[in-house]
Amino acid sequence: MKMESFDDTFLARWVADELSAEELLEFKKSKYYLDYKKINEGAKALEVPSFDGEAILDGIYGSLQDKATKPKVVRMMPNWVYGAAAAVIVAFGVFLFKNNNTEYETGFGEQVMVVLPDDSKVHLNANSTLEFNKGDWESNRVLDFDGEAFFDVEKGSIFKVNSKEGIVEVLGTEFNVVSREGYMEVKCHEGKVKVSMLGGDRFSILTEGKALRLIDNKEEKWEFKEEKPSWMTGESSFRETPLSQVIRALENQYEIGFNTSKVDLNKRYTGSFIHSDLNLALRTVFGPMNISYSQEGSNTIVLK
Amino acid sequence: MDKKSVCEKENYEIIFNNYSKSMRNYMYYKCGDLQQAEDIVQDAFIKLWNNCKKVIFEKAKSYLFTIANNAFLNEVAHKKVVQNYQKLNLKVSTNETPEFLMEEKEFMTKLRTAIDKLPEKQREVFLLSRIDKKKYVEIAEITGITVKAVEKRMSQALVALREKIGNI
């Protein structure tokens with residue numbers, strides 16, 4: 001009958017036995033009273049599937065235990081080292097069949113370590129190539145090289161790295177070379193390095209902790225402290241480096257392109273970017289430079 | 001004053017014994033999937049253990065229900081859109097005489113179907129009250145709404161059930 005006259009919590013109070021005697025009496029006269037009574041009684045007869053608390057508690061302790069006893073994996077070396085090791089194994093396979101020139105090439109974001117026949121090691125950074133003659137290596141340690149690499153050279157005869165921009169000669173030492181179109185950078189991490197510029201008789205001797213760069217044949221020198229180049233541990237660092245080179249390094253690590261028509265590529269950048277997170281890398285490079293960037297298409301970054 | 005630490009197994013199990021069943025049922029009323037309900041309870045207790053230093057004993061209940069609620073919102077809600085609501089698999093126990101059983105069975109089937117079709121918010125309040133015998137104050141605490149709102153939902157549920165079942 002007059003259900004509308006009941007307030008909106010009336011039925012709730014009824015099932016909870018909170019109605020006054022008068023209210024209850026009134027409700028019992030209502031035409032729906034018996035319906036509600038039956039629903040309420042029916043609902044009270046419902047049961048839920050039984051609850052096995054012990055089984056759940058066991059499950060909880062079980063999964064807590066799993067977590068507690070799971071050994072922590074501590075990486076001794078960055079991941080790429082394993083890839084590099086695999087590459088070395090493949091490289092030896094290649095040696096067996098190929099007697100003449102041996103060539104190594106890395107793609108975007110790739111790093112490879114090459115062991116030369118005299119145990120000298122070359123760590124190739126992304127988008128770099130290395131070529132040498134394996135046959136007479138002991139007497140003629142000459143490499144053709146383009147890109148960026150860290151060389152750990154065993155003592156022996158003169159070790160020579162030919163690149164487009166210049167020649168680096170050493171006896172036994174560790175050094176890092178960047179050689180890209182119009183740009184060359186050599187950092188001596190140990191021993192002595194001789195750098196000769198192409199197209200002239202000029203040369204420079206670098207000792208430990210000294211670095212040199214050539215930008216369009218203009219020479220700059222500075223000093224540094226780190227033992228190994230940071231790119232070998234997943235980060236590329238720069239010191240007053242022309243933006244054009246930083247962008248090139250970004251392109252090589254992340255396989256992306258840049259539209260640079262609106263920025264001054266001769267501006268210098270000091271800082272670093274990581275190899276594992278493009279967004280973070282973009283922010284750390286272009287944030288301090290006051291350059292805004294936006295993505296266009298799947299892999300082009302527009303700079304403004 | 002000595003405070004009970006949740007990190008002690010004894011206290012942790014007190015909490016478990018007090019709340020795990022109502023949590024499981026509450027989640028079951030929400031999602032209608034027993035396995036999922038128990039998984040959510042288990043995960044909530046694992047989180048409680050992992051954060052046992054940060055949660056004080058007296059707050060453990062609301063912590064657990066909040067986590068379970070969030071888990072439901074994150075994991076379960078989106079499934080409902082796809083599969084709608086699974087039938088509540090509630091058992092019936094009656095002690096009626098055989099003559100009434102047929103009629104009774106038919107009514108209970110209708111009732112179950114009607115409960116299944118209630119909006120989730122009405123259903124959880126209705127079942128917590130009728131099956132778990134929770135007081136409105138407790139239901140308000142569990143669901144995070146006011147007692148008044150619980151009473152309204154309870155009343156709405158009853159009206160909706162009567163309308164859905166029709167002539168009884």
Side-chain angles (χ1 to χ4, degrees), chain A residues 1-20 22-24 26-72, chain B residues 9 12-13 16-17 20-22 24-25 28-29 34 38-39 41-46 48-50 88-96 104 107-108 110-112 114-115 125-127 129-133 135-136 147-159 161-162 165-168:
Chain A
M1 46 163 232
K2 300 175 214 143
M3 279 310 299
E4 295 76 20
S5 65
F6 297 135
D7 64 57
D8 56 4
T9 60
F10 182 87
L11 289 170
R13 287 187 286 124
W14 166 66
V15 294
D17 286 328
E18 287 167 5
L19 292 184
S20 68
E22 294 82 37
E23 279 178 314
L24 188 61
E26 177 74 9
F27 183 45
K28 278 184 178 169
K29 286 189 223 156
S30 137
K31 105 178 176 199
Y32 293 125
Y33 173 72
L34 284 177
D35 289 359
Y36 282 121
K37 193 165 180 253
K38 194 148 191 210
I39 288 171
N40 189 29
E41 275 161 12
K44 283 199 277 192
L46 293 170
E47 280 179 3
V48 271
S50 63
F51 178 70
D52 187 355
E54 244 169 70
I56 294 182
L57 195 58
D58 282 351
I60 292 167
Y61 285 139
S63 80
L64 287 172
Q65 200 113 44
D66 281 355
K67 215 174 164 190
T69 54
K70 206 177 275 174
K72 269 191 187 162
Chain B
K9 205 172 165 181
Y12 182 71
E13 287 187 8
F16 182 83
N17 292 331
S20 58
K21 188 178 176 186
S22 35
R24 198 282 309 254
N25 286 357
Y28 179 51
Y29 302 151
L34 199 65
E38 296 192 345
D39 286 349
V41 171
Q42 185 160 326
D43 288 348
F45 273 93
I46 288 171
L48 175 68
W49 182 260
N50 290 336
L88 272 183
N89 185 25
L90 302 170
K91 287 188 220 149
V92 191
S93 74
T94 89
N95 45 11
E96 299 289 332
E104 201 60 40
F107 169 72
M108 291 306 286
K110 280 185 182 171
L111 178 61
R112 276 203 299 269
I115 291 173
V125 168
F126 183 78
L127 293 177
S129 162
R130 296 299 87 191
I131 296 181
D132 291 60
K133 320 288 182 216
K135 298 203 178 314
Y136 295 146
V147 176
K148 182 91 175 163
V150 172
E151 289 179 342
K152 276 187 193 169
R153 285 182 189 176
M154 185 69 190
S155 301
Q156 287 161 359
L158 281 159
V159 172
L161 289 177
R162 183 188 55 74
I165 295 172
N167 283 337
I168 300 171

Applying side chain to side chain contact (heavy atoms under 4.5 Å, CB included), run through Ile60(A) and Tyr12(B) and close with a yes or a no. CA-CA 12 Å; Ile60(A) 292 167; Tyr12(B) 182 71; 3.5 Å; yes
Please examine the side chains of Ile56(A) and Phe16(B), heavy atoms only from C-beta on, and report whether any two atoms are closer than 4.5 Å. yes
How are the rings of Tyr61(A) and Trp49(B) set to each other: parallel, tilted or perpendicular (split at 30° and 60°)? perpendicular
[atom2] on [Y] to [atom1] on [X], rounded to 0.5 Å:
X	Y	atom1	atom2	answer
Phe126(B)	Ile39(A)	CZ	CD1	7.0 Å
Asn40(A)	Arg162(B)	CG	CZ	14.5 Å
Leu64(A)	Phe45(B)	CG	CZ	12.0 Å
Leu46(A)	Leu111(B)	CG	CG	5.5 Å
Asp35(A)	Leu158(B)	CG	CG	11.5 Å

Counting heavy-atom pairs under 4.5 Å to chain A, which of Met154(B), Glu13(B), Arg24(B), Arg153(B) comes out on top? Arg24(B)
Between [X] and [Y], what is the shortest heavy-atom contact and its length?
X	Y	answer
Ala12(A)	Tyr136(B)	O-OH, 2.5 Å
Phe107(B)	Gly42(A)	CE2-CA, 4.2 Å
Lys44(A)	Arg130(B)	CD-NH1, 3.9 Å

Quick one: what part of Leu161(B) sits under 4.5 Å from any heavy atom of chain A, side chain, backbone, both or neither? both
Portion of Lys135(B) that has a non-hydrogen atom of chain A nearer than 4.5 angstrom: neither
Before you tell me yes or no, could you show the steps for Tyr32(A) and Val159(B) under side chain to side chain contact (heavy atoms under 4.5 Å, CB included), namely the whole-Å CA-CA distance, both residues' side-chain angles and the distance that decides it to 0.1 Å? CA-CA 10 Å; Tyr32(A) 293 125; Val159(B) 172; over 6 Å; no
Which residue is it: Leu11(A), Val15(A), Asp7(A), Asp8(A)? I am looking for the one with a side-chain contact (heavy atoms from CB on, under 4.5 Å) to Ser155(B). Leu11(A)
Considering only heavy atoms, which portion of Glu18(A) lies under 4.5 Å from any heavy atom of chain B: side chain, backbone, both, or neither? side chain
